[in-house]
Amino acid sequence: WDWDHWSSEQEVLVNIGNHFDLASSIFVAPRKGIYSFSFHVVKVYNRQTIQVSLMQNGYPVISAFAGDQDVTREAASNGVLLHMEREDKVHLKLERGNLMGGWKYSTFSGFLVFPL
């Protein structure tokens, strides 16, 4: 994660191997392989669009957008399979907009699908 607005209420539900660092919000690949990542974020009703990108080694891979101005809350989700080398890094970055309650209503998941 790349936080401008970090919520003190986020928590890690499962972190086998401790390869996700809560302090930096970065996942570091423990080995070369194909990994699956998905995220779900909620924006506040504020008539602005949000854009969240999944970053791999500092570069955007996929993004999700939410921008409907006529709803109270709106969610944006996306997912991807990535080929990663050992010690590659993945995090989310809020490119624009504001999320509902910071990141506490958002989820980020990842796991190794196939080792190479």
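In this structure, S25 and H91 approach most closely via the heavy-atom pair O-CB, 3.4 Å. Counting all heavy atoms, side chain and backbone alike, A76 lies closest to A64 at CB-CB, 3.8 Å. Shown here for V42 and S106, the closest heavy-atom pair between the two residues is N-OG, 3.9 Å. Of all heavy-atom pairs between Y35 and P30, the closest is OH-CD, 3.3 Å.
Linking Ile, Leu, Val, Met, Phe, Trp and Tyr whenever their side-chain heavy atoms come within less than 4.5 Å puts L22 and V41 in one cluster. Transitive grouping of hydrophobic side chains (ILVMFWY, heavy atoms separated by less than 4.5 Å) brings V12 and F108 into a common cluster. By the rule that hydrophobic residues join a cluster once side-chain heavy atoms approach within less than 4.5 Å of another member, F114 and F111 end up as members of one cluster.
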- Task: Show the numbers, then the answer: is there a side-chain contact (heavy atoms from CB on, under 4.5 Å) between V28 and D88?
- Result: CA-CA 6 Å; V28 180; D88 276 2; over 6 Å; no
- Task: For R31 and E85, run side-chain contact (heavy atoms from CB on, under 4.5 Å): C-alpha distance rounded to whole Å, both residues' side-chain angles, the deciding distance at 0.1 Å, then the answer.
- Result: CA-CA 6 Å; R31 62 181 302 166; E85 299 292 331; over 6 Å; no
- Message: Determine whether M55 and V61 satisfy the following criterion, side-chain contact (heavy atoms from CB on, under 4.5 Å), listing intermediate values before the conclusion.
- Response: CA-CA 6 Å; M55 311 292 285; V61 177; over 6 Å; no
- Test K93 against V52 for side-chain contact (heavy atoms from CB on, under 4.5 Å), laying out the working first. CA-CA 6 Å; K93 181 177 183 182; V52 176; over 6 Å; no
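Atom CD1 in I26 sits 9.0 Å away from atom CZ in F20 (nearest 0.5 Å). Atoms OG1 and CZ, on T49 and R96 in that order, are 5.0 Å from each other to the nearest 0.5 Å. To the nearest 0.5 angstrom, M84 atom CE is 5.0 Å from Q56 atom CD.
Shown here are the side-chain hydrogen bond (donor to acceptor under 3.5 Å, both in side chains) partners of D21, two or more places apart in sequence or in another chain: S24. Remark: I62 pairs with F39, L54, N78, V80 by the side-chain contact (heavy atoms from CB on, under 4.5 Å) rule, at least two apart or across chains.
By the 6.0 Å contact criterion, CD1 on I16 is open, its count of non-hydrogen atoms from other residues, nucleotides or ligands being 12 or less.
Residues H83 and L116 form a side-chain contact, since some pair of their non-hydrogen atoms from C-beta on lies under 4.5 Å apart. Contact check for F37 versus L82: side-chain heavy atoms found under the 4.5 Å cut-off.
Using cut-offs of 30° and 60° for the angle between ring planes, the F27 and H19 rings count as perpendicular.
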